[in-house]
Student: 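Before anything else, here's the structure in question.
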Amino acid sequence: MFKKITLTLLFSVSIFAQKQARIVEDFNKNWNFKLGDYPEAINANYNVSDWRTLQLPHDWSIEGAFDKDAKTKQAQGFLPAGKGWYRKVFTIPASWKSKTISIEFDGVFKNSEVFLNGKSLGVRPNGYISFAYDLSPYLNYGQANTIAVKVDNDSQPNSRWYTGSGIYRNVRLVASEKLHVGKWGTFVTTPEVSTKQSKVHLEVTINNDNDSAREFTLVTSILDAKNKEVANKTSTEKIGAKTFETKVHNLDVLKSQLWNTENPYLYKVITKIYEKSVLVDNYETPLGFRYFNFDSEKGFSLNGVPTKIYGVCLHHDNGALGAVENIHAVRRKLTLMKEMGANAIRMSHNPHSLEMMQLCDEMGFIVQDEAFDVWKKKKVTNDYHKDWDAWHKQDLEDFIKRDRNHPSVMMWSIGNEIREQFDSTGIAITKELAKIVKSLDVTRPVTSALTENVIEKNFIYQSGALDLLGFNYKHEDYKDFPTKFKGQKILASESVSALETRGHYDQSDIIQAWPVKHGAPFDGNADWTVSAYDQIKSYWGATHEENWKTIKSQDFMAGTFIWTGFDYIGEPDPYPFPARSSYFGIVDLAGLPKDVYYMYQSEWSNKTVLHILPHWNWKKDQEINVWAYYNNADEVELFLNGKSLGKKSKQNDDLHISWKVKFEPGTLKAISRKNGKVVLEKEIKTAGEASKLNLEADKKVIKNDTYDLVYVTVSMTDKDGNFVPNAMDLINFEVTGGGKLVGVDNGYQANLESFKANSCKLFNGKCVVIIQSNGKKENVQLKASTGNGIPISSINIKVN
Ligand code: GAL
C-alpha cells in the first residue's frame with residue numbers, strides 16, 4: 001500500500017527528471033533526385049550538382065507525359081515509371097552517439113534499396129509497405145552522412161492501377177535512447193468495452209540495445225480526448241542486454257466514451273520508460289473503445305447498434321498529386337465521403353498511408369484493411385507474385401503490426417480477387433495467411449474479397465479459414481447466400497463498377513452494359529465520355545441504384561464497399577488511350593462530385609437532399625430526362641419557367657424520380673414538400689455567354705509549413721452568375737506569395753494535359769487548382785485568366 005502511494009505521488013509531482021526522450025524529425029526536406037540509375041551515388045564524394053533538390057513525398061510518374069506506348073500501359077494510366085535515385089547529406093549531433101537512430105519510410109514505390117555511407121541497409125520490393133532501418137552502426141556522429149535510396153519501378157507492367165514511382169510517402173528520423181519501445185512496439189486491445197467501465201490490455205515490446213541488462217520503470221497513462229489522465233499503471237521491470245521483451249499492463253477506464261462513426265471519440269495511451277528516474281522513452285498509441293459484430297442473419301453492428309456498412313473502395317492516389325501522400329489531400333477526400341454519408345473505407349488493394357489510417361480513426365470510418373491484390377499467381381507480368389515467396393510473410397506481419405492499434409480497423413483482408421481462389425493451392429495459402437494474422441491479432445475477422453460464389457470452385461472459401469466472406473459483384477446472387485453459405489457472415493466487399501463522366505449527359509431510357517454481356521450494349525462516345533445518368537455499368541457490376549436496392553433490402557448483408565469513392569488514375573475502362581483515368585468514381589479525379597453522389601447522400605446521410613440533373617443548356621425542343629434525388633419529403637414538384645410539370649414521388653424501392661421535359665430556355669425549378677410544406681427548393685437556369693470566372697477556395701487560411709494545401713475550384717459563369725455547364729475554356733494560372741501550384745485537373749478522364757501545367761482547360765464548366773505552401777509567410781494570390789476577353793479573376797488565401 002505504502003509503495004503504491006509513494007509511486008503515485010512521485011508521478012503526480014513529476015519528480016522524475018524529464019528530458020527529450022524520443023526525437024522524431026521530419027526527414028522529407030532537402031533531398032536530391034535524378035531519374036535513371038546512379039549506383040555511384042552511394043559514395044560521399046559523388047557530385048549531385050545536376051540533380052534536382054526537392055521535398056518528399058515525391059512521385060516522378062505524375063510529372064511525366066502521357067504516352068500511348070508507355071510500358072506501364074492503360075492500367076497505370078500511360079504514365080512513365082523507370083528508375084530513380086534520391087540522396088541526402090545530413091549531420092547527426094555528436095551528442096547522439098549514445099542513442100539508437102533509425103529512419104522510417106512510410107512507402108517507396110518500389111524495389112527500394114537504402115544505403116548509408118556506402119553500406120546497403122536493405123531492400124524492400126513491396127511499394128506499399130512501411131519499413132525502417134537502424135542507422136546507428138554506420139553513422140558518422142558530428143559529421144556528414146550520405147543516405148542514398150535507389151528506387152526501381154522499371155519492370156512493367158506491374159500493377160492493375162496507377163502506383164506512382166518514388167519515395168511517395170513521408171520519411172522520418174527517429175532518435176531514441178538505447179532502451180526504448182520497439183518499432184510498432186505497442187499493441188493495445190480492449191477486452192471489455194462499456195460506457196461504465198472498459199478494460200485495456202497493453203503489450204509493450206521494449207528493446208534494450210545496451211550491452212548490459214537494465215532495470216526500468218514502465219508507466220502507462222491513458223489520456224482522454226482533452227488530454228486528461230483517466231487511468232495509469234506503473235511497474236518495475238528488468239530486461240537483458242541486447243534483447244527485446246514484451247511487458248504487459250492491464251488498466252480499467254471508468255465511464256469510457258465509445259468510438260463510433262458519428263462521434264469517433266479517441267483516447268491515447270502514453271507509454272513511458274524511466275531508468276533511474278530519468279525518462280528515456282515516451283511513445284503514443286491511439287485508443288478507441290468500440291465493439292462490433294458480424295452476424296450471419298443480422299449483418300453488422302457497432303457498439304450493439306445495427307449499422308449497415310456504407311463503404312467505398314479507395315485507391316491510394318491523390319488525383320493530380322499522383323501518389324504523393326499529403327494529409328490535407330486525404331482529409332479532403334475523406335470529408336467528401338463523410339458528407340456523402342459513407343461510414344466505411346476499403347483500403348484497396350494494399351496498405352495505405354499512416355495519414356489515411358489516422359484520419360479514419362479521427363473522422364469515424366470503419367476500415368477494411370487490405371494486404372494484397374495477388375499472391376503467388378500473377379495478374380500482370382511483373383506484379384507482386386514475383387516477390388511472394390520471399391516477402392509475403394514479413395509484409396503481412398508488418399502490415400498488421402503497423403495498423404492493429406487503429407480503432408477504425410475492423411477487418412483484415414488477406415487479398416482481393418486472388419487467382420488461387422480457383423485452384424486447390426488456395427486452401428493452404430489462405431490457412432497460412434489467416435494463421436499469420438491470428439498470431440498478431442485475434443480481435444478482427446479475417447476476410448478476403450472473393451468473386452466465385454460456387455462453393456466447389458472457390459478454394460479460398462473451402463479452406464474454412466475466413467471469418468467473414470467478402471463477395472465482389474454478382475448482386476443478383478445475394479438472395480441465395482443465406483442458404484448457400486448457411487451460418488456465414490457476409491459482406492459485399494466490392495460492388496457497382498458503374499461508369500460516369502461528371503457533367504456529361506446522354507439522353508437514353510435504358511441501362512447499358514460494357515462490354516456487351518448482358519443489358520444493352522454500350523458502344524461509347526467519340527469524346528470518351530460516359531453519361532452521368534446512372535445508366536452505364538460494367539457487365540460484371542451494376543448501376544449504383546441496382547446495387548444499393550439489393551444491399552439495402554437484405555439484412556444478412558453487413559453492407560458494401562462501392563467501387564469507387566473517387567476516380568483514380570489508370571484502369572480507364574471502357575476506353576483505350578487517350579482515356580487514362582477511371583470512370584468508376586462517385587466523385588471525379590479532381591474531387592468534384594458526379595450526380596450520383598447525391599443519391600448516396602439522400603440514402604446514407606442524415607442531410608436533407610434535393611438534387612436535380614442535368615444542366616439546363618440544351619437545344620430548343622430537345623426532350624430531356626430530368627432526374628431528382630431527394631429525401632425527407634413526400635413529393636417533388638417540377639416547374640419550367642413557372643409552369644408546373646407535375647408532382648412525383650418515389651414508388652416502392654425507387655431511388656430517384658424523373659420527368660421528360662421538352663427543353664425551353666429559362667429556369668427549371670424543383671420543390672420538395674412534406675405534408676404540403678416546402679422542404680427544399682432547387683433551381684437551374686439556362687446560362688448565357690461565358691463571362692466570368694468564379695474562384696472558390698476550400699480554405700481561407702493555410703499554414704506556411706511547405707505542406708499545407710488549398711484546393712481552388714474554378715468555374716465559369718455568365719454575366720448573372722449562372723454556371724455555364726459546357727464551358728471548356730483554357731485557363732492560365734499564376735500563383736504568387738506564399739504558395740506554389742502543385743496540380744491542376746478538370747476530372748475529364750481523357751485529358752492529356754499535364755497535371756503539373758500552369759494551365760488547365762475547364763471541363764463541363766469546371767477545373768481545380770491545388771496550391772501548396774512554399775514556406776513564405778506571405779499571403780497567396782491565385783490569378784486565373786483565359787486570354788479571350790473574360791476578365792482576370794483572382795483570390796487571396798491568408799498564410800500563417
Ligand atoms: C474488380 C477489381 C478492382 C477493379 C474493378 C473494376 O474486379 O477488384 O480492382 O479492377 O474490378 O471494375
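Start at 1 and go down the list; that is how both ligands and their atoms are numbered.
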Student: Does the plane of the ring in Tyr168 sit parallel, tilted or perpendicular to the ring in Tyr128? Use 30° and 60° as the thresholds.
Tutor: perpendicular

Student: Sorted by first residue and then second, give each side-chain hydrogen bond (donor to acceptor under 3.5 Å, both in side chains) pair with at least one member in residues 424-433; sequence neighbours left out.
Tutor: His392-Glu432, Asp423-Thr425

Student: What's the separation between atom CD1 in Ile586 and atom OH in Tyr597, rounded to the nearest 0.5 Å?
Tutor: 9.5 Å

Student: So is Phe584 touching ligand 1 or not, going by heavy atoms under 4.0 Å?
Tutor: yes

Student: Can you tell me how far CD1 of Ile510 sits from CZ of Phe522, rounded to the nearest 0.5 angstrom?
Tutor: 11.5 Å

Student: How many angstroms lie between atom OG of Ser165 and atom NZ of Lys83, to the nearest 0.5 angstrom?
Tutor: 13.0 Å

Student: Quick one: which ligand 1 atoms are inside 4.0 Å of a heavy atom on His349?
Tutor: 3 (C), 8 (O), 9 (O)

Student: Going by the rule side-chain contact (heavy atoms from CB on, under 4.5 Å), which residues pair with Asp477 if we only count those two or more places apart in sequence or in a different chain?
Tutor: Asn453, Lys474, Phe481

Student: For Phe365, is the NZ or CZ atom of Lys338 found under 6.0 angstrom from the centre of its six-membered ring and inside 45 degrees of the ring axis?
Tutor: yes

Student: Against heavy atoms of Glu417, which atoms of ligand 1 measure under 4.0 Å?
Tutor: 1 (C), 2 (C), 7 (O), 8 (O)

Student: Look at atom 12 (O) of ligand 1 and find which of Cys313, Ala75, Ser497 reaches it with the closest heavy atom.
Tutor: Ser497

Student: What part of Asp573 sits under 4.0 Å from ligand 1 if we count only heavy atoms: the side chain, the backbone, both or neither?
Tutor: neither

Student: Ignoring angles and geometry beyond distance, decide whether Ser538 reaches within less than 3.5 Å of ligand 1 through its nitrogen or oxygen atoms.
Tutor: no

Student: Quick one: does ligand 1 sit under 4.0 Å from the side chain of Trp540, the backbone, both or neither, non-hydrogen atoms only?
Tutor: side chain

Student: Show the atoms of ligand 1 that are less than 4.0 angstrom away from any heavy atom in Tyr473.
Tutor: 1 (C), 5 (C), 7 (O), 11 (O), 12 (O)

Student: Heavy atoms only: which of Arg160, Glu571, Glu494 lies closest to atom 11 (O) of ligand 1?
Tutor: Glu494

